[in-house]
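Below is one structure, written out as structure tokens; comments come after it.
Since the structure is predicted, the reported quantities are computational estimates derived from the model, not experimental observations. Numbering of ligands and ligand atoms starts at 1, following listing order. Starting from 1, each residue takes its place in the sequence as its number.
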Amino acid sequence: MTTALPAKGRPSADVLADLKGFAAHDPNYKEGRLWSLVYYLDETYADFQGEAYREFSSANGLNPTAFKSLKRFENEIIAAVAEMLHGTPEVCGVVTSGGTESCLLAVKTYRDLARTRGVTKPEMVLPVTAHVAWFKASEYFGVKVRLLPLDKDLRADAAKLARLCNRNTVMILGSAPEYPHGSIDPIEALGAIALKRKIPLHVDACVGGFILPFMEMNGRELPLWDYRVPGVTSISADIHKYGFASKGASTITYRNLDYLKHQMFVYQDWPGGIFASPALLGTRPGGAYAAAWAAMQHFGKSGYRDLAKRTTQAFDKMRQGIEKIPELYVMGQPTGPLLAYGSCDPNVNIFAVGDQMDEKGWNINRLQNPDGLHAMITAIHLEVMDDYLRDLQQAVAVVKANPALANSGSAATYGLMSHLPLRGLVRQKVLDIFAQMYKAGGHDFDLHAPAAPEAGLKGQMMAVVERLAQWYVTRQQQRKSRR
Ligand SMILES: *Cc1c(COP(=O)(O)O)cnc(C)c1O
């Protein structure tokens, strides 16, 4: 299915009608059926964001001296975030296009800071649950990862941190909360070690940054994780998550300019002019900054507290509801707004439960190590929580009555991919899938579809791998049921 540029342009009304049509096949996030990726409230708010975005959709933040409006948005956003995170007046930062950009920048910054003291083989300590963006940063910037194991509650195990640090350690990471299970890492304990070893500590609050402060204001007891912890040197917080800004807005702040200055890029000899850039992008999307600023002004503390209150209610309801289903358990000690749950019954395959939920029209992410289902809870989920929990209870009952469901549908594929010990093969398989999607004339990938007949030798090899994996998973299941 290749589509050439239309020879003759089309009226905008036709094009817009097409766009609306395409969305029909996307996840149903407007009614709270999707449990990741999207932060949505209602059409009125979406229109408000759209309008703010449109006002500045052509504006470019590339050169912060050109568009005074954009620099103003950036200044005000960063100042508000610094206050929200209990920073001193020294805290400074940059608006970025998303959490990944913020994370990449932190790694670049700390690698370059360490270069000034002669570190040529940089390393960083990441908890096992660090967001994938950090592993991407490791690959992009050549900073070796040392993995910090988790404690029994799935938080970074601070007791094991010191022995992973050495002269090449350029930074330590903690998350507030981590994405997979919603646990807040013990930032105070990590901070004490970071301070003692004089190693920067970044807190990844990409997902938590715009909700935890308001949960705390509402009276929820949370461990300290922001600039109140002395060892914390920088924090990433996404506005396009719980800040409810249009996609394309995050922040990275640093305790002071001594850190931030290592993020800057300058090239003074370019024929196009002297070039300076504070972040990863060249052209920076003015619309996203305007929409983010507008979101923060619209909600203010009271609005965000209200959203946090509804989210917390939904979270508590979900947690209690899952704990009432004897075959399931909630992983770790999540404080909200995310959680994960798995099965504690050998006859209930959690991925098969996920398939049943899919059939009921829910859209839920799968986790591995350990196997589980995931929920990123927002305010609109409060309204669907009763339905969700009722369907979940039914899904568990169906799977329990039909344990063979574990070997069919996407449960089989997920099980296979997460349990195959040969991780290099899994990686290869995923790269293959992406190659199929992104090759010239590439197509959608459907987890349920059989392998393409034109897959060739490589495809046949992968089929062998799949059979091998299938055999391995079946054997594991047999062992488990014998126990
Ligand atoms: C979402 C997230 C990121 C990455 O942010 P993107 O905006 O998706 O690029 C990083 N860290 C954590 C903890 C996240 O939840």
Practice problem: State whether a side-chain donor-acceptor pair under 3.5 Å links Gln436 with Lys439. | Solution: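 There is such a pair (donor and acceptor under 3.5 Å, judged by atom type) between the side chains of Gln436 and Lys439.
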Quiz item: Just checking, any donor-acceptor pair under 3.5 angstrom between side chains of Trp134 and Asp204?
Solution: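 Side chains of Trp134 and Asp204: pair found under 3.5 Å.
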What is the nearest protein non-hydrogen atom to [atom], stated with its residue, atom name and distance?
{"atom": "atom 11 (N) of ligand 1", "value": "Asp204 OD2, 2.6 Å"}
{"atom": "atom 4 (C) of ligand 1", "value": "His131 CE1, 3.5 Å"}
{"atom": "atom 3 (C) of ligand 1", "value": "Lys241 NZ, 3.2 Å"}

Exercise. Enumerate the residue pairs fulfilling side chain to side chain donor-acceptor pair (under 3.5 Å) with a member in residues 175-189, sequence neighbours excluded, ordered by first and then second residue.
Key: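 As it turns out, the side chain to side chain donor-acceptor pair (under 3.5 Å) pairs with a partner in residues 175-189, which skip direct neighbours, are Glu178-His181.
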Quiz item: Distance from Lys241 atom NZ to Ser250 atom OG, nearest 0.5 Å?
Solution: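 Atom-to-atom, Lys241:NZ and Ser250:OG are 7.5 Å apart.
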As an exercise, identify every atom of ligand 1 less than 4.0 angstrom from a heavy atom of [X].
{"X": "Asp238", "answer": "5 (O), 7 (O)"}
{"X": "Thr100", "answer": "4 (C), 5 (O), 6 (P), 9 (O)"}
{"X": "Gly99", "answer": "4 (C), 5 (O), 6 (P), 7 (O), 9 (O)"}

What about [X]: any of its N or O atoms under 3.5 Å from an N or O on ligand 1?
{"X": "Tyr179", "result": "no"}
{"X": "Trp134", "result": "no"}
{"X": "Cys103", "result": "no"}

Check: [X] ring centroid to [Y] ring centroid under 6.0 Å:
{"X": "His240", "Y": "Tyr39", "result": "no"}
{"X": "Tyr242", "Y": "Phe210", "result": "no"}
{"X": "His86", "Y": "Trp225", "result": "no"}

Exercise. State if Glu101 counts as touching ligand 1 under the rule of any non-hydrogen atom under 4.0 Å.
Key: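 No, Glu101 has no heavy atoms under 4.0 Å from ligand 1.
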